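First comes the structure, then the notes that go with it.
Below, read A as the first sequence line, B as the second, and so on, with proteins coming before strands; counting in each chain starts at 1. Computed from a predicted model, the values in this text were never measured in an experiment.
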Amino acid sequence: MLPRHLRLRRREDFEAARQRGRRWHDRVLVLNTLPSGLSHNRFGFVVSRRVGKAAVRNQVKRRLRAAIRVWIPRLAAGYDIVIIARPAASDVSYQELEAVLEKLFGLAGLLVPQNVDAVP
RNA sequence: CAAGUUGGCCGGGCGGUUACGCCCUGGUUAUGCCGGGGUGAGGAAAGUCCGCGCUCCAUAGAGCACGGUGCUGGCUAACUGCCAGGCGGGGUGACCCGACGGAAUAGUGCAACAGAGAGGUAUAUUGCCGGCCUCCUUUGGGAGAGCCGGUGAGGGUGAAACGGCGUGGUAAGAGCACACCGGCAGCCCUGGCGACAGGGCUGGCCAGGCAAACCCCACCGGGAGCAAGGUCAAGCAGGAAUGAGGUACUGCUCGUACCGUUCGAGUUCCGGGUAGACUGCUUGAGGCGGAUGAUAACAUCCGUCCUAGAGAGAUAAUCGCCCAGGGAUCGGCAGCGAUCCUGGACAGAACGCGGCUUAUAGGCCGGCUUGGGCA
RNA sequence: CGGGGCGUGGCGCAGAUUGGCUAGCGUGCUACAAUGGGGUUGUAGAGGUCGUCGGUUCGAGUCCGACCGCCCCGA
């Protein structure tokens, strides 16, 4: 679980990011970003019933949160980020999830050089 | 020892590193940052098939309709649940399975195909028997196409054909009569709270199946659901009072612009209430241990414990070691041993609880049955 | 949390009304005929665990129960 202020918590924020934000695709994940004007990023995860039963969906979300934590220090700040899991995400290892996130963040231009200080 | 049957239990462990929800708490430059401690999924949390608590709404009483349940007794807050028993069926057996009220006397309906006939005190294809007729004849009788009548015993159809078997009886036969057996109904006796069981007498000879077909009978059921419901309450609109000014440039005066003085600006107050926040929210028909009562389900009493409460929704990610388990190779007659590889089922709380159903790698303990071996 | 619908040849649908003879229709598929060839047309044919498992019944696509999958609605 992420600290509360780093999470997207309102339905409107999710809708805004998905409808007005930019979008990048992969076989296992879809990434939506929308500038928020805040000094930090906020994250939301969407795992629908098509991915699996409740236990599987929870595991996918937990892995995504853990993987996100790795990349938070290297991301540009000020975005609402929604990550949508596609059905293939249920049979992909944690290492692959991390790699897919790196690829998508790279495509989105969110990765910044590592010597820049991270946002709290 | 093997096969089976049944009841109960567990459902990976330990330790690093990096993190999270909730509760308590410390520091500080205080709504932020840095800490400390506690606690944190299941036997099914699942499916949502029943039942109950709880909350709101409705509600004189009774009946009808609709839906559900359906052997008996008990348990329970209640149940389509559980326990004990009865009856029927399956199995060598332990044991398992059963929507298990009513079909003659409440009524209606259904049964394809086949078959002579399918529910009516039914039917006549073949067969059997008698008569008429024809032929033969050793005068006893025999054979035969057809017609009339008797018959339901034999054959045949079907899932199902109106009891079984024997004797008498007859032209041939038939519950036509009788004995026994089976089944049914009524009455009585014995045992049992009861379902029911055992027995006796009488009756008429038998009056079939399907109510998970309509239906009848008995019993039960008001509706909605924690997004229930409660508290606070931006914004927008409304009401009441007051009211001739108010707002911007602008800190003040003047001026200008806009809004307003019948269509009422501004200010104050009011109730309802959306977003949102808080609450409901976890101490409960509670868990564990013991005693007593009961065949048991369970009940009563005593002691002890507090054991998740989120809200885009925590309980994790990853690494190492170990323990079940699986596979391969080698050694050995075998039990087994060594090495390497592999390796963790089903599944995630969302108001709570009691059940049912379904999913589930692997393992542990006990009872019983059958078969075999040894003593 | 509550409610409703669907599942039948490759595809789209009937049959589910009192349970019964061989489960039909359109399209697609195969073969043949007609044409110089193709289309159209005609004739013949193949193709079905009726979602799964159990039960009631002599007999189940149909009745009953449990389960699986898909879709929709309301709070």
Expected rows: protein N/O vs nucleotides 344-348 of chain B N/O, under 3.5 Å:
residue: rA347(B); atom: OP1; partner: K53(A); partner atom: NZ; Å: 3.4
residue: rG348(B); atom: OP2; partner: A54(A); partner atom: N; Å: 3.4
residue: rG348(B); atom: OP2; partner: A55(A); partner atom: N; Å: 2.9
residue: rG348(B); atom: O2'; partner: N58(A); partner atom: ND2; Å: 3.1
residue: rG348(B); atom: N7; partner: R62(A); partner atom: NH1; Å: 3.3
residue: rG348(B); atom: O6; partner: R62(A); partner atom: NH2; Å: 3.2

Task: Nearest-Å distance for atom pair CD1/C1', residues I83(A) and rA312(B) - done: 13 Å
Open item on the list: Strictly by Watson-Crick or wobble contacts shorter than 3.5 Å, is anything paired with rC278(B), and which nucleotide is it?
Closed with: rG230(B)
Open item on the list: Can you give me the dot-bracket string for RNA chain C, 5' to 3', counting Watson-Crick and G-U wobble pairs with both distances under 3.5 Å, using [ ] for crossing pairs and | for partners on another strand?
Closed with: (((((((..((((......[...)))).(((((.......))))).....(((((..]....)))))))))))).
Task: For N58(A), all residues meeting side chain to side chain contact (heavy atoms under 4.5 Å, CB included), sequence neighbours excluded - done: K61(A), R62(A)
Open item on the list: Could you tell me how far rC50(C) sits from rG3(C) if I compare only their P atoms? Round to whole Å.
Closed with: 31 Å
Open item on the list: Could you tell me how far apart R57(A) (CZ) and rA46(B) (C1') are, to the nearest whole angstrom?
Closed with: 12 Å
Task: Under 3.5 Å on both distances, the Watson-Crick or G-U partner of rG255(B) - done: rC249(B)
Open item on the list: Going by purine N1 to pyrimidine N3 plus the second Watson-Crick contact, or the G-U wobble pair, all under 3.5 Å, which nucleotide sits opposite rG293(B)?
Closed with: rC298(B)
Open item on the list: Syn if the chi torsion is within 90° of 0, anti otherwise; quick check, which is rG43(B)?
Closed with: syn
TODO: Provide, to the nearest angstrom, the distance between the CZ atom belonging to R42(A) and the P atom belonging to rG313(B).
DONE: 12 Å
- [ ] Tell me the partner of rG186(B), counting only Watson-Crick (N1-N3 plus N6-O4 or O6-N4) or G-U wobble (N1-O2 and O6-N3) with both under 3.5 Å; none if nothing fits.
- [x] rC201(B)
Open item on the list: If the condition is side chain to side chain donor-acceptor pair (under 3.5 Å), which residues does K103(A) pass it with, not counting sequence neighbours?
Closed with: D26(A)
- [ ] Taking the side chain as every heavy atom from C-beta outward, state whether N41(A) and D80(A) have any pair of such atoms under 4.5 Å apart.
- [x] no
Task: Those residues that, when tested against N32(A), pass side chain to side chain contact (heavy atoms under 4.5 Å, CB included) (two or more places apart) - done: R18(A), R23(A), V30(A), V82(A), I84(A)
TODO: Can you tell me, in whole Å, how much space there is between the C1' of rG115(B) and that of rA99(B)?
DONE: 36 Å
Open item on the list: Below the 4.0 Å mark, does rA314(B) have OP1 or OP2 next to a side-chain nitrogen or oxygen of R65(A)?
Closed with: yes
Open item on the list: Only pairs with both distances under 3.5 Å count, Watson-Crick or wobble alike; so what is the partner of rC147(B) in this structure?
Closed with: rG131(B)
- [ ] For rA207(B), measure the glycosidic angle (O4'-C1'-N9-C4 for a purine, O4'-C1'-N1-C2 for a pyrimidine) and name it syn if it falls within 90° of 0, otherwise anti.
- [x] syn
TODO: Determine whether V100(A) and W24(A) fall in the same hydrophobic cluster, where Ile, Leu, Val, Met, Phe, Trp and Tyr are linked whenever their side-chain heavy atoms lie under 4.5 Å apart.
DONE: yes
Open item on the list: Just confirming the chi classification of rA41(B), syn or anti, using 90° around 0 as the syn window.
Closed with: syn
Open item on the list: Without decimals, in angstroms, what is the distance between K61(A) NZ and rU315(B) C1'?
Closed with: 14 Å
Open item on the list: Both R63(A) and V46(A) contact RNA chain B. Taking the nearest nucleotide for each, which residue is further toward the 5' end?
Closed with: V46(A)
- [ ] Any chance you could measure L101(A), atom CG, to I83(A), atom CD1, to the nearest 0.5 Å?
- [x] 5.0 Å
Task: Flag side-chain contact, heavy atom, 4.5 Å: R86(A) against V28(A) - done: no
- [ ] Hunt down the Watson-Crick or G-U wobble partner of rU105(B), both distances under 3.5 Å, from any strand shown, or write none.
- [x] none
Open item on the list: Anti or syn, where syn is a glycosidic angle within 90° of 0; which label fits rG175(B)?
Closed with: syn
Task: For rC52(B), the Watson-Crick or wobble counterpart (both distances under 3.5 Å) - done: rG352(B)
Task: Non-neighbouring partners of A66(A) that pass side chain to side chain contact (heavy atoms under 4.5 Å, CB included), sequence neighbours left out - done: Y94(A)
TODO: Supply the atom-to-atom distance F45(A) CZ to I81(A) CD1, rounded to the nearest 0.5 angstrom.
DONE: 9.0 Å
Task: Atom pair distance, as rounded to whole Å: CG in L97(A) and P in rA316(B) - done: 17 Å
Task: Watson-Crick or G-U wobble partner of rA3(B), both distances under 3.5 Å - done: rU369(B)
TODO: Mind calculating the distance between CD1 (I68(A)) and P (rC20(B)) to the nearest angstrom?
DONE: 15 Å
- [ ] For rU55(B), decide between syn and anti, treating a glycosidic angle within 90° of 0 as syn.
- [x] anti
